[in-house]
Amino acid sequence: MQEQKRGRFIVFEGIDGAGKTTQIELLTSRLTKDGRRVHRTAEPTESVSGGLLRDALSGVSRRSPCEMAALFVLDRIFHNTNPVNGIEKMLADGIDVICDRYYYSSLAYQGSETDAKWVQEMNLSCPEIRRPDLCIFLDLTPEQSMERIASGRVTVEIYENLDRLTRVRDRFYSVFETLADTDRICVVNAARPIDEIHADIVNLVRDILK
Ligand code: TYD
């Protein structure tokens, strides 16, 4: 019997307003047109832990920085192992997984709010949190990010202000340095026309499909 080829696991990251949703949609339809099966997903997930996280992010409930970091880990473990449509199950079935945010966000956001080593250890040493095949970081300056947020959204989440965006972006960069030997991370300039960004992303993804 021919062995099923595993799907590829692609993560999109970026500071708020970088256009992840648009680029994920474009990549999903490109890969689908190429005959691949694709599962789109995101963190926080739609599970109970994801709901707790969304309440805290929007300010409906209050959580300490350590609670947030631990909840994101819990949510991510569920995301990986859920037997119905979890990341592991999808990849094993030969389906590509495109995920909007993953542990890089925890290392950058929660890592700047509490002990960064602890956050890193929880995420990277966990046997039930898989490493992606590719992480695409859509990059904007914090000023460009604020402009986009201001023009497009009614609700402003707790992680969105200029100082914080600056710190988070700096942290993303230092996280990427730390992970340079273990993770395939590509930084893409997101302050360009949508189709140019998409073309760059398609080239990056082609490299991991070979
Ligand atoms: P959401 O509005 O759902 O998505 P996005 O901003 O990507 O369009 O917000 C998710 C928020 O959760 C975002 O502000 C970053 C934050 N976050 C963390 O702080 N840590 C994490 O591990 C993840 C996955 C997200």
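Atoms within each ligand, like the ligands themselves, are counted from 1 in listed order. Count residues from 1 along the sequence.
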Report the part of Lys20 (side chain from C-beta onward, or backbone N, CA, C, O) that has a heavy atom under 4.0 Å from ligand 1; answer both or neither where that applies.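 Answer for Lys20: side chain.
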
For ligand 1, is any non-hydrogen atom under 4.0 Å from Arg54's backbone (N, CA, C, O), its side chain (CB onward), both, or neither?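 None of Arg54 does.
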
message: We want to know whether Gln144 and Thr141 form a side-chain donor-acceptor pair, criterion being a heavy-atom distance below 3.5 angstrom.
response: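 Yes, because at least one side-chain N or O of Gln144 sits under 3.5 Å from a partner of the opposite role on Thr141.
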
- Could you tell me whether the side chains of Glu13 and Ser105 share a donor-acceptor contact shorter than 3.5 Å?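 A donor-acceptor contact under 3.5 Å links the two side chains.
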
- So which pairs with a foot in residues 176-210 pass ring-ring contact (aromatic ring centres under 6.0 Å, His included), sequence neighbours left out?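 ring-ring contact (aromatic ring centres under 6.0 Å, His included) check on residues 176-210 returns Phe137-Phe176, Phe172-Phe176.
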
Exercise for review: Just grab all the side chain to side chain donor-acceptor pair (under 3.5 Å) pairs involving residues 64-77, residues at least two apart or on different chains.
Suggested key: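 Output for this query lists Glu43-Arg76, Thr45-Asp75, Ser47-Asp75, Ser49-Asp75, Arg63-Glu67, Arg76-Ser106, Arg76-Asn123.
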
Ring centres under 6.0 Å, that's the criterion: do Tyr102 and Phe9 meet it?
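They qualify: ring centres under 6.0 Å apart.
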
Q) Numbering the atoms of ligand 1 from 1, which are under 4.0 Å from a heavy atom of Leu57? A)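 Numbered from 1, ligand 1 contributes 11 (C), 12 (O).
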
Is Tyr109 close to ligand 1, meaning an N/O of one under 3.5 Å from an N/O of the other?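 Among all N and O atoms of Tyr109, none is under 3.5 Å from an N or O of ligand 1.
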
- Looking only at distance, does Glu43 have an N or O less than 3.5 Å from an N or O of ligand 1?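 N/O-N/O distance under 3.5 Å: no.
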
